[in-house]
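One structure is given here, and the rest of the page talks about it.
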Amino acid sequence: MAVRNETARLFTAKDFPSWPQYDEREEKALIEALEAGQWGTLGKRALEFADRFAKYIGVEKVICVNTGTQALELLLRACGIGRGDEVIVPPYTFVATVSAIAWVGAMPVFADVDADTGCLDPASVQKCITSRTKAILAVHVAGRPCDMDALSAIARNAGVYLLEDAAHAHGSEWKGRKAGSLADGAAFSFQSSKVLTGGEGGAVATNNEEIWARAWQYHNSGRAIKGGGELGGVVLMGTNGRMAEWEAAILLRQLERLDAQCKKRAEGAAILEEALRGTPGISLPPHDRRITAWSGFLYQFRWNGASPRSEFLQKLRERGLPCSAGYPALYRMGMLRDVSFERSTGKKFTIEPDCPNTELLAKEAVWFKGSALLAERKTLHKAAVVITEIAQELV
Ligand SMILES: Cc1ncc(COP(=O)(O)O)c(C=O)c1O
């Protein structure tokens, strides 16, 4: 393919499918929700989606909520986590994974990640365990499940909860079991960039009856699960996290598309991977046979050629490729030094984390947008050639 020395835009927005995707099925579902008359308050669709999603990921209980951020907060609260407690978390994630911990009053403790995957490094997690640790919060970055065997063993030995932030991992599997069913509890996001989306929305998933019961009460303004009358039945200090019927109506339809889309994104990533493997300056994530399905939320690799990543990315974007930088190292964020953090946790954030792999990823990670993996195969073959040629030019 003759693309060498080509500086013009080689791809247009039309080459890569827009996201989210919908058709008349979503339109019909929205009209039905509108005409049903009950637009919120534990409506039929939110309950039905909770049930269907629980079956899909293989857990006993799912609670639909407003956002992934709220799902994390509710999950942590439902585990009884608050002031004085520590939660081990990666610094290579979206800000909400960390802010949720501080929001419930606990202290985030940063363990390093694996440089090839961005997922929690079990050896680093082990070093962070103290008598104050109450949970390990694992993030399946880019939809790639963390090493749940190693993390489960650490959590079990330490007697702490293992929780999943599965915001990237709808449909991903670890040894045949779905992300969200691999620990004591999980939080999902259905925000609009996610592979399963209702525009906004989130869910708490668990097999633990006690966690479920507390999360349920917290999300329903503190009401008891059954009976008690309106105010007499308020048994704890909750919030209103209930999902609107619009979101659930869309999510029910989107769930029907999820498996086929995950498969197509995985096939798309395989095209990129085959062409990019061995390209100088590019480090690809390794294969792990324990990962039996992948959501395809985004495809992450590292650029470690001589030219800076910003130049590599600029050239990719000039050609029209939907690529961006990965996460920054979260412990640098102003949020941790702001008075809001101290008010919530009762402490200043003073720890200097030692996370060399996070630093590396913050400098080198490149993300290829997940929805772009749904493009036509010939487009992805061409994208792989263009990425390889830019790498050869800049290495
Ligand atoms: C890893 C991760 N956790 C949590 C969240 C928060 O989800 P939401 O945006 O629905 O609050 C996101 C959303 O981007 C995320 O990527």
Side-chain angles (χ1 to χ4, degrees), residues 89-95 97-98 110-125 138-147 165 167-169 172 193 265 268-288 291 294-333 352-373 380 383-395:
V89 67
Y92 190 73
T93 179
F94 182 63
V95 61
T97 321
V98 177
F110 292 107
D112 205 2
V113 297
D114 181 294
D116 291 323
T117 66
C119 290
L120 268 180
D121 169 18
S124 180
V125 170
V139 185
H140 304 311
V141 175
R144 188 187 167 104
C146 297
D147 182 342
D165 180 339
H168 297 184
S172 297
S193 70
R265 282 186 292 261
I271 292 174
L272 294 184
E273 213 164 60
E274 202 187 317
L276 295 181
R277 197 159 294 286
T279 302
I282 288 181
S283 276
L284 299 179
H287 280 274
D288 186 335
I291 298 174
W294 178 56
S295 67
F297 176 59
L298 59 88
Y299 184 68
Q300 173 173 271
F301 58 92
R302 275 181 16 232
W303 166 251
N304 47 25
S307 307
R309 177 184 59 182
S310 53
E311 202 178 323
F312 180 65
L313 278 175
Q314 191 190 335
K315 289 208 181 270
L316 294 173
R317 290 206 203 100
E318 276 168 10
R319 305 306 200 276
L321 287 169
C323 294
S324 59
Y327 290 124
L330 270 194
Y331 40 75
R332 298 245 164 68
M333 285 216 165
E352 269 304 320
D354 176 24
C355 298
N357 292 339
T358 299
E359 293 294 330
L360 195 73
L361 277 159
K363 197 165 141 246
E364 297 186 350
V366 174
W367 288 355
F368 191 94
K369 202 173 177 182
S371 57
L373 298 171
L380 292 169
V385 171
V386 173
I387 299 171
T388 309
E389 297 212 348
I390 294 171
Q392 281 161 356
E393 189 187 322
L394 296 182
V395 73

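- For Asp354, there are no side chain to side chain donor-acceptor pair (under 3.5 Å) partners at least two apart in sequence or on another chain.
- The CG atom of Asp112 sits 8.5 Å away from atom CD of Glu359, with the distance rounded to the nearest 0.5 Å.
- Of the possible donor and acceptor atoms, none in the side chain of Asp147 sits under 3.5 Å from a partner among the backbone N and O of Asp121.
- Ring geometry for Tyr327 against His168 counts as parallel: the plane angle stays under 30°, on a 0 to 90° scale with 60° as the upper cut.
- Note that CH2 of Trp303 and CD1 of Ile390 are 9.5 Å apart. Values are rounded to the nearest 0.5 Å.
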Next on the checklist: Could you go through Met333 and Val95, starting from their C-alpha distance and side-chain angles, then the distance that decides it, and tell me whether this counts as side-chain contact (heavy atoms from CB on, under 4.5 Å)?
Outcome noted: CA-CA 9 Å; Met333 285 216 165; Val95 61; 4.0 Å; yes
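- For the atom pair OG1 of Thr358 and CG of Leu330, the computed distance is 9.0 Å after rounding to the nearest 0.5 Å.
- No donor-acceptor pair closer than 3.5 Å links the side chain of Arg265 to the backbone N or O of Ser371.
- Between Phe297 and Trp367, the ring centre distance reaches or exceeds 6.0 Å.
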Next on the checklist: As a quick check of understanding, evaluate side-chain contact (heavy atoms from CB on, under 4.5 Å) for Arg302 and Leu284, giving each step before the final call.
Outcome noted: CA-CA 7 Å; Arg302 275 181 16 232; Leu284 299 179; over 6 Å; no
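- Considering every non-hydrogen atom in both Cys355 and Ala111, the closest pair reads SG-C, 4.1 Å.
- Among all heavy-atom pairs drawn from Val113 and Pro91, the shortest one is CG1-CD, 4.5 Å.
- Put simply, CD on Gln392 and CD1 on Ile282 are 9.0 Å apart, with the number rounded to the nearest 0.5 Å.
- Between Leu380 and Ala372, the shortest heavy-atom contact is CD2-O, 3.6 Å.
- For Val366 against Cys323, the heavy-atom pair with the smallest separation is CG1-CB, 4.3 Å.
- The closest side-chain donor-acceptor pair between Asp116 and Ser283, if any, does not fall under 3.5 angstrom.
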Checklist entry - What do the steps show when you test Arg317 against Leu321 for side-chain contact (heavy atoms from CB on, under 4.5 Å), and what is the final call? => result CA-CA 5 Å; Arg317 290 206 203 100; Leu321 287 169; over 6 Å; no
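- Contact record, Thr93 with Asp165: OG1-OD2, 4.4 Å, taken as the closest heavy-atom pair.
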Item to check | Step-by-step side-chain contact (heavy atoms from CB on, under 4.5 Å) determination, Leu298 to Phe368 | outcome: CA-CA 6 Å; Leu298 59 88; Phe368 191 94; over 6 Å; no
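- With rounding to the nearest 0.5 Å, the separation of CG in Asn304 from CD in Glu364 is 4.5 Å.
- Two residues are said to be in side-chain contact when any heavy atoms from C-beta on lie closer than 4.5 Å; Leu361 and Gln300 meet this criterion.
- To the nearest 0.5 Å, the span separating CG on Asp114 from OG1 on Thr117 amounts to 3.5 Å.
- In this structure, Glu389 does not pair ionically with Lys315, as no charged nitrogen and carboxylate oxygen lie closer than 4.0 Å.
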Atom pairs and distances, side-chain donor-acceptor, residues 269-278, under 3.5 Å, sequence neighbours left out:
{"from": "Glu273", "atom 1": "OE1", "to": "His287", "atom 2": "NE2", "distance (Å)": "3.0"}
{"from": "Glu273", "atom 1": "OE2", "to": "Tyr299", "atom 2": "OH", "distance (Å)": "2.9"}

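- In this structure, the side chain of Ser307 engages the main chain of Leu394 through a donor-acceptor pair within 3.5 Å.
- Taking every heavy atom of both residues into account, Ala365 and Tyr92 meet most closely at CB-OH, 3.2 Å.
- Proximity of a side-chain donor or acceptor of Ser172 to a complementary backbone N or O of Gly143 within less than 3.5 Å is detected.
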